[in-house]
There are 2 protein chains.
Amino acid sequence: MEESSTETLDRIDVRILRALQAEGRLTNADLAARVNVSAATCHRRTQRLFEEGYITGVRAEIAPAAVGLGALVMVGVVLDRSTPESFAAFEEAVHKLKEVLDCNLVAGDFDYLLKIRVRDMADFNKLHGQKLIALPGVRQTRTFFVMKEVKENARLPF
Amino acid sequence: MEESSTETLDRIDVRILRALQAEGRLTNADLAARVNVSAATCHRRTQRLFEEGYITGVRAEIAPAAVGLGALVMVGVVLDRSTPESFAAFEEAVHKLKEVLDCNLVAGDFDYLLKIRVRDMADFNKLHGQKLIALPGVRQTRTFFVMKEVKENARLPF
DNA sequence: CAAGAAATGGAAGAATCTTCCACTGAAACT
DNA sequence: AGTTTCAGTGGAAGATTCTTCCATTTCTTG
């Protein structure tokens, strides 16, 4: 009574997930060898993991600085009112802001916590002044400039 | 005087990066077609992007809930002292905590902001009581439970 | 304008994918 | 127990893709 939602994943599925989380471009043949299954079985298993949504996608990670996105900023946001409509409007607007990489509704001193990538501080100031504080229902924001990325997007611990 | 660090990436490189960021398992043949280049050229370009560090890796994204990690928590941390040694010790310890997915040194009310994934609140309480407040130099923590993931790990806007 | 350097696309053998099929082993039922 | 069903497995093989070589084109530089 503790495997909660891992029930339909056996040992082999978990190995496949771990391997692909670390190396998404692994060849099916290589993956099969690591997981100790025939290529055919591995192919079927992997396909199922994709189709049933255990793997939501495979993405290349781009070095942010290489594409002119050297600055990372976290922003706490407090809304004016706490009505369902306020939240919905805010979230919809946030979805359209491509600089916002993460957005989470939280319990605590803020309503939302945002993770934002821009070129530099000047760029952030512009974004803040022209877009962030203009988002629907925003009462107040608190900015946390990231001075050092200690750990970034680590692998899931399963 | 504004392309900063994108100088060595031409239009084609950028298209490759965009395509692979969205679909990391794209076949070289498909990628070549999308980018409008021969397979050979596409292969060479892509290889260079990996070798020179523009692409830092390709990873499958696993649905957290599917592997028993349904709870997301953000934690602000304040350290006792602000000496280089304190920071180094804290960062080293954080690297060993697999539940910590992100860790950033920030300017503002906190010293660090952590992003943590666990099974549920009970699990977090255990982690908090046994590991987080025991990290070297921690004076205070502030917890933000995530009630809704509005946007998660969006693609880089370049 | 010529010479060298850098990048390109075609071609082809090697490797991989993807599907089909016969087989195994574990339920489920009589 | 006997046997029927069925989900899951690995081998095999045609289709596809990778990866490298090389001749050609394009861009630089003097």
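Here is the naming used below: chain letters follow the sequence lines, and residue numbers restart at 1 for every chain.
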How is B/Arg48 classified with respect to the nucleic acid when contacts are heavy atoms under 4.0 Å: base, sugar-phosphate, or nothing?
-> nothing
4.5 Å side-chain heavy-atom contact, A/Arg15 and A/Val37 | no
Integer-rounded Å distance: [N] [atom2] and [X] [atom1]:
X: A/Gln47; N: C/dT16; atom1: CD; atom2: C1'; answer: 15 Å
X: A/His43; N: C/dC20; atom1: NE2; atom2: P; answer: 12 Å
X: B/Asp10; N: C/dA6; atom1: CG; atom2: P; answer: 16 Å
X: B/Arg45; N: C/dA7; atom1: CZ; atom2: P; answer: 8 Å
X: A/Leu26; N: C/dT16; atom1: CG; atom2: P; answer: 12 Å
X: B/Ile16; N: C/dA7; atom1: CD1; atom2: P; answer: 13 Å
X: A/Ile12; N: D/dG8; atom1: CD1; atom2: P; answer: 11 Å
X: B/Arg25; N: C/dT18; atom1: CZ; atom2: C1'; answer: 13 Å

What residue among B/Leu113, B/Leu97, B/Leu114 forms side-chain contact (heavy atoms from CB on, under 4.5 Å) with B/Cys103?
-> B/Leu114
Spell out, as yes or no, whether a donor-acceptor pair under 3.5 Å connects the side chain of B/Arg59 to the backbone of A/Gln21.
-> yes
Can any side-chain N or O of B/Arg117 pair as donor or acceptor with the backbone N or O of B/Lys98 at less than 3.5 Å?
-> no
Is there a residue in residues 27-39 of chain A whose heavy atoms reach under 4.0 Å of DNA chain D, and which residues are they?
-> A/Val37, A/Ser38
Ranking C/dT18, C/dA7, C/dG9 by distance to the side chain of B/Ala40, first place goes to C/dG9
Fit a plane to each ring of B/Phe145 and B/Phe124, take the angle between them on a 0 to 90° scale, and name the class: parallel (under 30°), tilted (30 to 60°) or perpendicular (over 60°).
-> perpendicular
What's the spacing between B/Cys42 SG and B/Gln47 CD if we round to 0.5 Å?
-> 11.0 Å
